[in-house]
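Encoded as structure tokens, the structure appears first; notes follow it.
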Amino acid sequence: MDDLERIAAVKAYKVIEKIADGCSGDEKYKLQKDGKYFLLRLGDKTKVSEKKKEYDQLAIYADRDMNIQKPIAFGTAADKFYSIVSWVDGMPIMDIIKKNTSKDYYDLGKKVGRELNKLHSLAPTGLKADWQDIIERRAARFLEKYHRIGIEFDGSKNAEQYIRQNFCLMSDRPRTILHGDFHWNNCVVDTSGNVGIIDFSGNNIGDPWYEFGGLLWALEYSDSFANGQIDGYFDVVPEAFWKIFKFYVALYAFEHLTYSSDTPEDIKSHIFNAERMINIFGKNFEQDIPLFRKQVL
């Protein structure tokens, strides 16, 4: 609490509780003022540039019909940065689905898909970076880790081949402002069924379909939610989506391996997840349409 006492902007609020969720390393607190709730994020001042981008990104959506955090205050105090944003009420969708995996979550997925589409509706201007070049460099890093581990698993060889043979799919992809960490734990739903989006992760620019990689976590528990998110995002799913989604599934699986430590137990866990992700296109990554989707086609 000593850090909080040094921040003048916080003194107008009542600190309700410290929030333990998240893996960013920042401290988070729920605040209250004038009957409303807010989120305070507090962290090392060396991250101030990165966190200011995340904060500024929220202002882009402030006047839109979206249930997201609104920027209130940002600054530094001593060796800390702080940001205060409005509170988005609701339970993480991850917790809802895991609590009862037998339910149909198609309608909930559709709501999330519509919100993701709204996020992507802002097209940035003046971009010069080439998306294909960005993805090729990203893939090189991910695949280097995979080869360093030196363990093949179901579909991994074919998934790597698919990436290397299909960089052309990344040519001329549209780019927009991305959430940066879009997945079911950063989507919440309140008691009235309203979906909110939280924890934007930087002012990233890229292919809007890239953010469907985060859907792979929900797919372990709910096919219906995944199908709903895709259908909610699109009026009609473009045929081109499946080839590009397949590319990003492979890329996301190999990216997951880069987060493993060098301990055998952790490597085994990450390989298990990567294999599960790749196998949504069949054990040998041979399917053109993911297995979860064939239920609704």
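What you are looking at is a predicted structure, and each value in this text was computed from that prediction instead of being measured. All values below come from the heavy atoms of this structure, side chains included, with hydrogens, waters and symmetry mates left out.
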- prompt: Which residue pairs pass the ring-ring contact (aromatic ring centres under 6.0 Å, His included) test when at least one of the two sits in residues 70-101, sequence neighbours left out?
  reply: Y55-F74
- line: For D262, the salt bridge (Lys or Arg N to Asp or Glu O under 4.0 Å) test, sequence neighbours excluded, returns K145
To check you understand the geometry: which heavy-atom pair defines the closest contact between [X] and [Y], and what is its length?
{"X": "K70", "Y": "S86", "value": "N-OG, 2.7 Å"}
{"X": "A274", "Y": "L257", "value": "CB-CD2, 4.0 Å"}
{"X": "I163", "Y": "A139", "value": "CG2-CB, 4.1 Å"}
{"X": "I84", "Y": "A9", "value": "CD1-O, 4.3 Å"}
{"X": "S260", "Y": "D266", "value": "CA-OD2, 3.2 Å"}
{"X": "K118", "Y": "S121", "value": "O-OG, 2.6 Å"}

[X] versus [Y]: any side-chain heavy-atom pair under 4.5 Å?
{"X": "V189", "Y": "N194", "value": "no"}
{"X": "K18", "Y": "E27", "value": "yes"}
{"X": "I244", "Y": "D207", "value": "yes"}
{"X": "N204", "Y": "I177", "value": "no"}
{"X": "Y29", "Y": "E17", "value": "no"}
{"X": "W184", "Y": "C187", "value": "no"}
{"X": "D199", "Y": "K28", "value": "yes"}
{"X": "D44", "Y": "D79", "value": "no"}

Is there a donor-acceptor contact under 3.5 Å linking the side chains of [X] and [Y]?
{"X": "Q57", "Y": "H179", "value": "no"}
{"X": "R175", "Y": "Y210", "value": "no"}
{"X": "H147", "Y": "E160", "value": "yes"}

Counting only N and O atoms by type, is there a donor-acceptor contact under 3.5 Å from the side chain of [X] to the main-chain atoms of [Y]?
{"X": "T258", "Y": "E255", "answer": "yes"}
{"X": "R276", "Y": "L216", "answer": "yes"}
{"X": "Q32", "Y": "K14", "answer": "no"}
{"X": "N117", "Y": "Y233", "answer": "yes"}
{"X": "D130", "Y": "D133", "answer": "yes"}
{"X": "N227", "Y": "D223", "answer": "yes"}
{"X": "N166", "Y": "L169", "answer": "no"}

Crowding at [atom1], [X] (>12 non-hydrogen neighbours, <6.0 Å):
{"X": "N100", "atom1": "CG", "result": "yes"}
{"X": "E239", "atom1": "CD", "result": "no"}
{"X": "F272", "atom1": "CZ", "result": "no"}
{"X": "D63", "atom1": "CG", "result": "yes"}

- prompt: Within 45° of the ring axis of F285 and under 6.0 Å from its six-membered ring centre, is that where the NZ or CZ of K246 lies?
  reply: yes
message: I want to check a possible cation-pi pair here: R173 against W209, using under 6.0 Å from ring centre and within 45° of the ring axis as the test.
response: yes
query: If you measure from the Lys or Arg side-chain nitrogens to the Asp or Glu carboxylate oxygens, is any gap between K243 and D288 under 4.0 Å?
result: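 Between D288 and K243 there is no salt bridge, as every charged N stays at least 4.0 Å from the carboxylate O atoms.
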- prompt: Taking NZ, NE, NH1 and NH2 as the nitrogens, is one of them in K51 or E54 under 4.0 Å from a carboxylate oxygen of the other?
  reply: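 Answer for the salt bridge query: yes.
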So that I know where these two stand, are [X] and [Y] an aromatic pair - ring centroids less than 6.0 Å apart?
{"X": "F142", "Y": "H256", "result": "no"}
{"X": "Y252", "Y": "F212", "result": "no"}
{"X": "Y106", "Y": "F225", "result": "no"}

Step-by-step side-chain contact (heavy atoms from CB on, under 4.5 Å) determination, I96 to Y105: CA-CA 10 Å; I96 294 172; Y105 293 102; 4.0 Å; yes
- prompt: Going through the checks in order, is the salt bridge (charged side-chain N to carboxylate O under 4.0 Å, His left out) test met by D231 and R293?
  reply: CA-CA 11 Å; D231 288 339; R293 188 65 181 179; 2.6 Å; yes
message: Would a single hydrophobic cluster contain both M66 and L116, if residues Ile, Leu, Val, Met, Phe, Trp and Tyr are joined by side-chain heavy-atom contacts under 4.5 Å?
response: yes
query: Under a 4.5 Å side-chain heavy-atom rule over Ile, Leu, Val, Met, Phe, Trp and Tyr, are I198 and V195 clustered together?
result: no
Steps toward salt bridge (charged side-chain N to carboxylate O under 4.0 Å, His left out) verdict (E144, R148): CA-CA 6 Å; E144 187 277 331; R148 184 150 50 87; 3.3 Å; yes
Qualifying residue, where the test is side chain to side chain contact (heavy atoms under 4.5 Å, CB included) with I197 and the options are N186, V88, V112, L119: L119
- prompt: Any salt bridge (charged side-chain N to carboxylate O under 4.0 Å, His left out) pairs touching residues 94-109, not counting sequence neighbours?
  reply: none
- prompt: What is the ring orientation for W242 with F245, classed by angle as parallel under 30°, tilted 30 to 60°, or perpendicular over 60°?
  reply: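 The arrangement is perpendicular - the two ring planes meet at more than 60°.
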- prompt: Please walk me through it: do F38 and I72 pass side-chain contact (heavy atoms from CB on, under 4.5 Å)?
  reply: CA-CA 9 Å; F38 302 85; I72 305 297; 4.0 Å; yes
